[in-house]
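Below is one structure, written out as structure tokens; comments come after it.
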Amino acid sequence: MIESIFNKMLSCKDFIFRLRFKATDDIAKLRQFAGCCRFVWNKALALQKQRLDEGKFCLSYAQMTPLLVKWKKKYPFLKEVPSQSLQQCLKDLDRAIRDALDKSSPKKFPVFKKKFRSKESFRYPQGFKVENRRIFLPKYGWSRFFKSREIEGTPKNVTVSLRGDHWYISIQTEMDIPAPVHSSKSAVGCDFGTVRLVTMSDGSYKMPINAYKERSTELANAQRKLARMVKGSRNRQKQLRSIRNIHIQISAKRLDHLQKITHELSKNHALVALENLNVKDMTKSAGGTKDAPGGNVRQKSDLNRAILDQGWGTFKCLLEYKERWRGGLAVFVNPAYTSQECSVCGHVSSENRPSQKLFYCQRCGHTSNADENAAKVVLSRVGHTPNACELNGAVMPSEAGTYRVPS
Ligand SMILES: [Zn+2]
């Protein structure tokens with residue numbers, strides 16, 4: 001019995017498809033649903049904020065639901081929207097506030113949703129039906145979608161959202177799958193950079209695509225054009241839409257690039273070691289604060305933009321779940337001094353880096369590409385990382401480049 005629990009794992013996966021409409025389809029209804037969910041979110045959030053300002057406790061989800069009944073009486077248009085979606089909205093808000101007030105790892109406090117600015121979306125926790133190439137959405141009806149892949153597992157919920165000019169559904173499924181065993185036995189360390197996106201300890205590397213930089217002139221021109229347009233005019237709306245589409249294309253291109261790299265890495269290596277970089281802290285405003293203004297503002301903000309354009313944070317997330325899926329492991333190690341430490345003798349000195357590219361150890365004379373050396377240092381730190389020891393019932397790094405599975 002116990003064995004079967006350990007040999008199986010519950011996995012959740014999202015399947016995203018674009019909805020496919022006929023001319024007769026009532027797309028305005030989807031907008032209306034999303035708008036009402038936004039309305040309920042904002043109303044509930046305003047109430048919670050007011051309570052906090054008055055020094056009271058926030059209302060729990062259970063205390064909020066009777067309010068929803070009241071609001072439905074007051075605002076009859078809410079009755080046309082699936083109730084489950086409105087309830088879900090309150091649940092999401094409840095979760096977001098709890099996360100924000102959690103002292104151990106506080107997250108950002110939820111904000112009001114703005115029309116046209118926030119993502120238009122709503123979720124069905126139940127009541128929907130998926131059948132071949134169509135989906136039934138309560139209070140909306142059947143809709144077809146572009147089925148680009150097979151859906152695996154049992155659908156648990158579906159989110160409908162507008163991105164650019166198209167509506168999408170994201171079906172989240174759950175299934176029990178046998179715990180995977182990674183087919184490879186190799187381990188690799190990675191070093192992030194802005195010249196090379198990522199350098200591996202085996203000497204290979206991947207270049208960035210700089211999706212944002214590539215289109216920055218085009219974006220700046222579009223923004224300038226927008227600034228000259230009359231507020232509220234139809235042309236301005238159009239221009240806003242085209243700017244939004246450029247941003248969508250940029251992030252799609254970046255994500256695609258990261259997906260390919262992390263796919264390859266997770267396929268070829270059972271253990272991938274990464275620096276535990278805090279991208280948020282690294283890219284703090286170059287201008288600094290009023291009390292502590294920053295120096296080198298220009299260079300720093302250029303670097304910030306370059307770092308954010310790489311999508312290191314996304315890289316970490318993608319790699320982590322891909323490794324988990326394959327039965328491998330992504331390990332995050334302490335990033336301090338990885339660029340100054342010698343991977344052969346461990347000597348740490350800023351003089352070890354005569355140039356940006358070159359690593360030359362002052363003690364043992366080890367010479368190598370600086371990024372490659374750093375990647376090797378990252379890999380060597382795996383053993384000292386608590387989360388690695390804890391999780392590594394199955395994966396124990398023995399020597400650089402290999403790992404063994406204890407019997
Ligand atoms: Zn050395």
Side-chain angles (χ1 to χ4, degrees), residues 182 184-208 261-262 264-266 268-279 281-283 295-296 299-300 303-304 306-307 310 312-313 315-316 319-320 323 328-392 394-406:
H182 205 288
S184 155
K185 286 203 181 289
S186 94
V188 76
C190 294
D191 177 63
F192 291 112
T194 50
V195 182
R196 291 172 173 185
L197 169 62
V198 52
T199 306
M200 269 65 83
S201 53
D202 58 11
S204 61
Y205 59 89
K206 298 286 176 197
M207 294 303 281
I261 296 174
T262 48
E264 197 187 315
L265 264 177
S266 68
N268 295 335
H269 304 284
L271 186 144
V272 181
L274 308 160
E275 289 165 281
N276 196 5
L277 297 172
N278 188 336
V279 180
D281 282 350
M282 284 173 71
T283 53
N296 289 337
Q299 288 96 316
K300 183 81 192 358
L303 181 66
N304 280 356
I307 291 174
Q310 310 296 324
W312 293 345
F315 188 101
K316 275 164 67 173
L319 191 73
E320 203 175 3
E323 280 292 2
L329 192 66
V331 180
F332 300 100
V333 307
N334 181 359
Y337 302 110
T338 46
S339 60
Q340 296 177 12
E341 189 180 318
C342 173
S343 61
V344 175
C345 72
H347 179 57
V348 180
S349 164
S350 59
E351 287 162 26
N352 286 349
R353 290 284 296 273
S355 76
Q356 190 61 32
K357 258 186 167 173
L358 190 73
F359 186 92
Y360 177 73
C361 178
Q362 300 296 315
R363 197 205 272 164
C364 75
H366 171 62
T367 317
S368 139
N369 172 288
D371 294 333
E372 193 184 325
N373 178 73
K376 282 183 179 152
V377 173
V378 168
L379 182 60
S380 72
R381 286 187 185 180
V382 168
H384 323 160
T385 307
N387 89 356
C389 305
E390 188 182 296
L391 286 165
N392 273 2
V395 187
M396 293 292 287
S398 50
E399 59 193 73
T402 58
Y403 82 96
R404 68 194 156 79
V405 178

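We count residues from 1, following the sequence as given. This structure is a prediction, so every number in the text was calculated from the model and none was measured. Values below: every heavy atom of this structure, side chains too, minus hydrogens, waters and symmetry copies. Remember, it's 1-based here, ligands and their atoms both numbered in the order they're listed.
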If you measure only the distance, is there a donor-acceptor pair under 3.5 Å linking the side chains of Ser184 and Asn268?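 No.
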
When you measure from the Zn ion (ligand 1) to the N, O or S atoms of Cys361, does any of those distances fall below 2.8 Å?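 Of the N, O and S atoms in Cys361, at least one lies under 2.8 Å from the Zn ion (ligand 1), which means yes.
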
Is it true that some N/O/S atom of Cys342, main chain or side chain, lies under 2.8 Å from the Zn ion (ligand 1)?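 Yes, Cys342 qualifies, because one of its backbone or side-chain N, O or S atoms lies under 2.8 Å.
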
Any chance you could measure Asn369, atom CG, to Lys376, atom NZ, to the nearest 0.5 Å? 9.5 Å

Can you tell me how far CD of Glu275 sits from NZ of Lys316, rounded to the nearest 0.5 angstrom? 9.5 Å

I need the SG(Cys345)-the Zn ion (ligand 1)-SG(Cys364) angle, rounded to 10 degrees.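 Taking the Zn ion (ligand 1) as the apex, the two atoms subtend 110°.
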
Indicate yes or no: at least one non-hydrogen side-chain atom of Ser201 is less than 4.5 angstrom from one of Val378.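 The answer is no; the side chains never approach within 4.5 Å.
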
